[in-house]
Each structure stands twice: as structure tokens, then as C-alpha cells.
Amino acid sequence: MSVYVYNTLTQQKELFEPWAPPQVHMYVCGVTVYDHCHLGHARAYAAFDLVRRHLEYRGYRVTHVQNFTDVDDKIIARAQELGVAHEELTRTYEDAYFAAMDALGVNRAQDYPRATQSMPQIIAMIVRLLDQGYAYEVNGSVYFSIAHYAPYGQLSKRDRKQMEAGARVEVDTHKKDPLDFVLWKPQKAGEPAWDSPWGLGRPGWHIECSAMATAAFGPRIDIHAGGQDLIFPHHENEIAQSEAATGQKPFAKYWLHNGFVTLDKQKMSKSLGNVFTLRELYQRYDPNLLRFFLLRVHYRHPIHFSTTQIEEDAAALKRLSQAAHEFTQPAPEAMHAEFQAQFDAALDDDFNSTEAMAVLFNACREVNKLKKGGPLLSKLAKQLGLDLPKEESTLDPRILELLKQRAQARAEKNFMESDRLRDLLKQRGVLAKDTPQGQKWERV
RNA sequence: GGCGACGUGGCCGAGUGGUUAGGCAGAGGUCUGCAAAACCUUGUACCCCAGUUCGAACCUGGGCGUCGCCUCCA
């Protein structure tokens, strides 16, 4: 009944105990809206969608807030390149984000704060950091001084000295320490800018999440989530800023990080150029199938993209769907309870969707044996946010006529004719199957 | 170099100190006019070397290999 979550901060699974149950405050780092989402984004948001679904299933009231980073170097560069206003560019990709994630079955967050709409909170936090001596200003830039924040490195388990030893040459000579990071950047010609006590400029990347998360939830949140690539420096910096500014810790009680999608063993990322956008993938694969593909692997482990794997998954998903719709009577109560309990236990254990799917397939075998229990399969799948789609009953009337003729031929034991019709149907994408319950069909 | 993750049967992929993961593919069988689907049976897996242990693929140490972060990145 208790949920255990792996916490990056402590590097172990912990009993999940939010600050004020049943309320759960969950902040998920969102996308920078300058391009279409790819499979890696889908992985992250499908994973944390499952986290949220399961916590809600367990009776928690989850408030999910997820930001859009809508001002940064890439956005500005892209907008200039395309000759459009940055607001127009970000709006386009926000819409694209929602379209892609809605299709994947990712539930929408309660709120999507944007950096450009959070300037007062961002500036207020920077002012606080300056007042308290955690930050310093140089020529319109404000930097966070990690020398003043002792626990720096707690999340990523980095030692400051080693980082400094390995640090690359810093071009920014205004910094007192190469590891200091920028809170506020002065405007360069042609860039969007906001007024601040340090002149026109815009916020650094890390500060926006700290400001928006604390604006939404106060100084201490329950869950903070994002990709493993955000552990350092982004989340490390968020912790430093937030705890320094609010004086309260921990900023987040549980830090959750998803693993990457890889392609040919390499991380799928824009900078490597080896990404598949969801837009492309949806033309070839049902988003529901892609969700299945993504949840097949535990969220913290890497998932290797391959089309052959997705096609194998399609076969597996079809098997579940067929059983779910073939045997519409409910499962015996004891069986239902048994599988449900195993399924829930799998998800309680750090959202182990892989294990949960194993339970689902075991249940499927039982359903096929007993010839009842289809609703159980649909119910468990739904808990993962998956549909077990039924073949559409809308068939071309001419195809229906052929099926009818074939059934007739079989009844008359005219097998030459029935086989001919089966071939004909196959050419038209319909597989005729003879079962003890009569002729059935499916699309191929 | 620092930190982190991983190395499981043909492929993918969970997990556990001694008992079946699961999926896909394969083989045999039941059913069927033949197929298909489904079901049953089947594979005796855990990178290498030491150590702890009555017992290790699972714990410890070492090695080899792969990947990620250390710069923007889900």
C-alpha cells in the first residue's frame, strides 16, 4: 500500500511521505519551446505522467506544475533566423507540445507557468539572493556565488574542488568563481528584455524554475522531476538558489530523474542530431503504441529505440487488445483482486511499469484460458494510461459482403471458394479467422 | 580525470541470496477442412576473476566493456 520512490538526492528508494498528505506538490521541468518535441521528451513526460497517475490512484491529490522555458538563447536565435517574434515562435511550439503529449495520453498539468510571465517573481528572488549575500552584480549581470552556499554538489555528488580542477576555461571573466552561474543577463542588441534593478535584461535559465516552483508551491515541494541530464547543473543550481533564497531546505523532498532514449547506443538529443520527432513517429505509429514502447522499460533505465522493437510491441499490444474485447464478461472476483494487487504492488515499487506489464500479460493468459475477464485487462492498461483498442467495426460494406459470402461458403463446405475469398480479403487488408465462435476478422 | 548508471537465455527486458519474470521470435502439441487466433509444453540465461556464505547471477573487492553527466539538453 505504501509507495516507494527512488530519490536522486539520497540515491536510494525511500518510502514516499509528502509534507502534507494527501496533497502532493509536483514540479516537472518542461521543455524549451523552440522546436518540435522528440521521443526523449515523450519518455520523460510519459514517465512522470505515470508517477502522477499512480499517486492519484493511491489517493494523493497531486498538483502538477510544469514550466515552459520561453526565453533563452536558442529561442532568440531561432526567432531571428525565421524572422518572427519570439512570442510567436514559442506559442507555436507550445501548441505543438500539447498536441504531441495529448496524443500520448499525458494528462495536462494544472498550470504551465512561463518564464516571460514570471518576471516579478524571478526578479524578487534575485533581489533576495543579493540582499542575503549569495549573489553579486557586475555590469548588469548578476551571478550566484557558490562559495557562499556550502552544500553545493549535494544532488550530483560533485566535489567543488574536483569540479574546479576539471572546469573548462571560462570566457566570462566577470565571474568570481568559474562555477558561479548567471541569474540575470544584460540585454544585447536586438534581444527581448525586461526591466530590472540591474537594467534591461533577462533571467538565466536556472532561476526561472526556482522562482516558478516556489511561486506555485512555496519554499518546499514534494517532488521535482526531470531528465537525468538536468541533474547537473540545472537542478543542482535550483537547489542552491532556492534554499539560499528561502532559507528553507530541502527545496524538494524527492528528486526523480528519467533515463534517456538512445539511438545506436547514443543519447537521442538535438545537439547530436539523432532525434525522431513525435510528429514524424505519429505518422508511422499509433501514439498509444509508442506509450506502450516507452513504459515497457523502467523509467530510470535507458531505452533503446528500434523499429523492430516497436513492431514486436505492436504484436504484444494486439494480443492484449484481442483478449480484452473477445472476453467481455468480468473476471472472477478473486482473480481480479489477485492480479490487481500484484499490479499495484509493481507500481508501488518506484513505478515499475515493466513489472506491472508482466502482471498484465499473466492476467491476459488467464483471461484467454477462462474466456472471461477482458474488462480486467482494459482496467489495468488504463492505469498505465494505455488503451486496448478495439478493431473498428466500421468496415467497407463491400468487405462485409465478402465476409458474409465466405461464411456462407464455409457453411456449405465449399472450401475452394472460402479460401479464395480469404485471399481476396487479405489483399484488402482484412484477415478472416475461423474460431469456435464463428468467423472473425482483424485488420492486418 | 571526477561522479553516476549498466553488462541477464536468439532478440528485448524485470527481478531476487536458495523457489516460473514478462514480451517478441523458434520448436512440439491441442483445436481447425486448411489456415489464423488462443491455450498447453519447451529453452535450464545472468561479462570475467577472487572473496563472504551451507548456498551468489543477485553481497564485497578487483578487472574488462558500454553508456550518460561534468557546456545547452527530457
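First the proteins, then the strands, lettered A, B, ... as listed; each starts at 1.
Place Cys364(A) and Met357(A) on RNA chain B by their nearest nucleotides, and Met357(A) ends up nearer the 5' end. Nearest-nucleotide mapping onto RNA chain B: of Leu39(A) and Glu312(A), the residue sitting toward the 5' end is Glu312(A).
Taking atom P on both U60(B) and C70(B), the two are 28 Å apart, rounded to the nearest angstrom. With C1' as the reference atom, C64(B) and A50(B) are 15 Å apart, rounded to whole Å. Taking atom P on both nucleotides, C34(B) is separated from A21(B) by 35 Å, rounded to a whole Å. Taking atom P in both C69(B) and U53(B), one finds a spacing of 42 Å when rounded to whole Å. For the C1' atoms, the distance linking U20(B) with G63(B) amounts to 34 Å, nearest Å. Of the C1' atoms belonging to G51(B) and C39(B), the separation is 48 Å, rounded to the nearest Å.
Aromatic ring pairs are classed by plane angle as parallel below 30°, tilted from 30° to 60° and perpendicular above 60°; the pair His257(A) and His235(A) is tilted.
Using Watson-Crick or G-U wobble geometry with both donor-acceptor distances under 3.5 Å, U66(B) finds its partner in A5(B). Across every strand in view, U42(B) sits in a pair with G26(B) that passes the Watson-Crick or G-U test at under 3.5 angstrom. Base pairing annotation: A50(B) forms a Watson-Crick or G-U wobble pair with U60(B), both donor-acceptor distances under 3.5 Å. With a cut-off of 3.5 Å on both Watson-Crick or G-U wobble distances, the partner of U20(B) is given as none. Across all strands shown, nothing is found opposite C31(B) as a Watson-Crick or G-U wobble partner with both distances under 3.5 Å.
Residue contacts shown for Thr308(A) are absent, as no nucleic acid heavy atom lies under 4.0 Å away. Phe232(A) comes within 4.0 angstrom of sugar-phosphate atoms only, judged by non-hydrogen atoms across all strands, and of no base. Within the nucleic acid shown, His304(A) comes within 4.0 Å of sugar-phosphate atoms alone, with no base atom in reach, counting heavy atoms only. In this structure, Ala432(A) reaches the bases: a heavy-atom distance under 4.0 Å links it to at least one base atom across the strands shown. Counting non-hydrogen atoms under 4.0 angstrom, Gly259(A) reaches a base of the nucleic acid. Phe361(A) comes within contact range of the sugar-phosphate backbone alone, with a heavy-atom separation under 4.0 Å but no base atom that close. Within 4.0 Å (heavy atoms only), His298(A) reaches sugar-phosphate atoms of the nucleic acid but no base atom. Nucleic acid contact for Arg300(A): none, since no nucleic acid atom lies under 4.0 Å from a heavy atom of the residue. Among the atoms of the strands shown, only primed sugar atoms or phosphate atoms (P, OP1, OP2) are found under 4.0 Å from some heavy atom of Ser156(A). Nucleic acid contact class of Asp313(A) (heavy atoms, under 4.0 Å, all strands): none. Among the heavy atoms of the strands, none lies under 4.0 Å from Val28(A). When heavy atoms are screened at a 4.0 angstrom cut-off, Gly226(A) is found touching the sugar-phosphate backbone but no base atom. Residue contacts for Lys267(A): at a heavy-atom cut-off of 4.0 Å it reaches a base atom on one of the strands shown. As judged by a 4.0 angstrom heavy-atom cut-off over every strand, Ile231(A) is placed among residues making no nucleic acid contact.
Atom CD of Glu326(A) is separated from atom C1' of C39(B) by 13 Å (rounded to the nearest Å). Distance, Asp349(A) CG to A14(B) P: 13 Å, rounded to whole Å. Between Tyr34(A) atom OH and C72(B) atom P there is a gap of 13 Å when expressed in whole angstrom units. Taking atom CG on Asp419(A) and atom C1' on A36(B), their separation rounds to 12 Å, with Å as the unit. The nearest whole Å value for the distance from the NZ atom in Lys265(A) to the P atom in G65(B) is 13 Å.
Look at Asn352(A) and you won't find any side-chain N or O under 4.0 angstrom from OP1 or OP2 of A14(B). A sub-4.0 Å separation between OP1 or OP2 of A21(B) and a side-chain N or O of Asn362(A) is absent. In this model, the phosphate group of C69(B) is not approached by any side-chain N or O of Arg158(A) to a distance below 4.0 Å at OP1 or OP2.
For Asp350(A) and Tyr299(A), the side-chain atoms include at least one donor-acceptor pair closer than 3.5 Å. Side-chain atoms of Gln340(A) and Asp344(A) include a donor-acceptor pair closer than 3.5 Å.
Taking the six-membered ring for Trp, His224(A) and Tyr254(A) have ring centres at least 6.0 Å apart. Taking the ring centroids of Tyr27(A) and Phe217(A), they lie at or beyond the 6.0 Å cut-off.
Considering only the side chain of Arg406(A), G33(B) comes nearest among C39(B), A14(B), G33(B). Side-chain atoms of Lys433(A) lie closest to A37(B) of the nucleotides A37(B), C39(B), C69(B). Of the listed nucleotides (A38(B), G33(B), A36(B)), G33(B) has the atom at the smallest distance from the side chain of Arg410(A).
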Practice task
Could you go through the ring pair (Phe, Tyr, Trp, His ring centres under 6.0 Å) check for Phe68(A) and Tyr97(A) one step at a time?
Solution key: CA-CA 10 Å; Phe68(A) 281 118; Tyr97(A) 169 88; 5.4 Å; yes
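In this structure the side chain of Ile239(A) reaches within 4.5 angstrom of the side chain of Tyr149(A), judged on heavy atoms.
The base of A36(B) lies outside donor-acceptor range of the side chain of Asp434(A), with no N or O pair under 3.5 Å.
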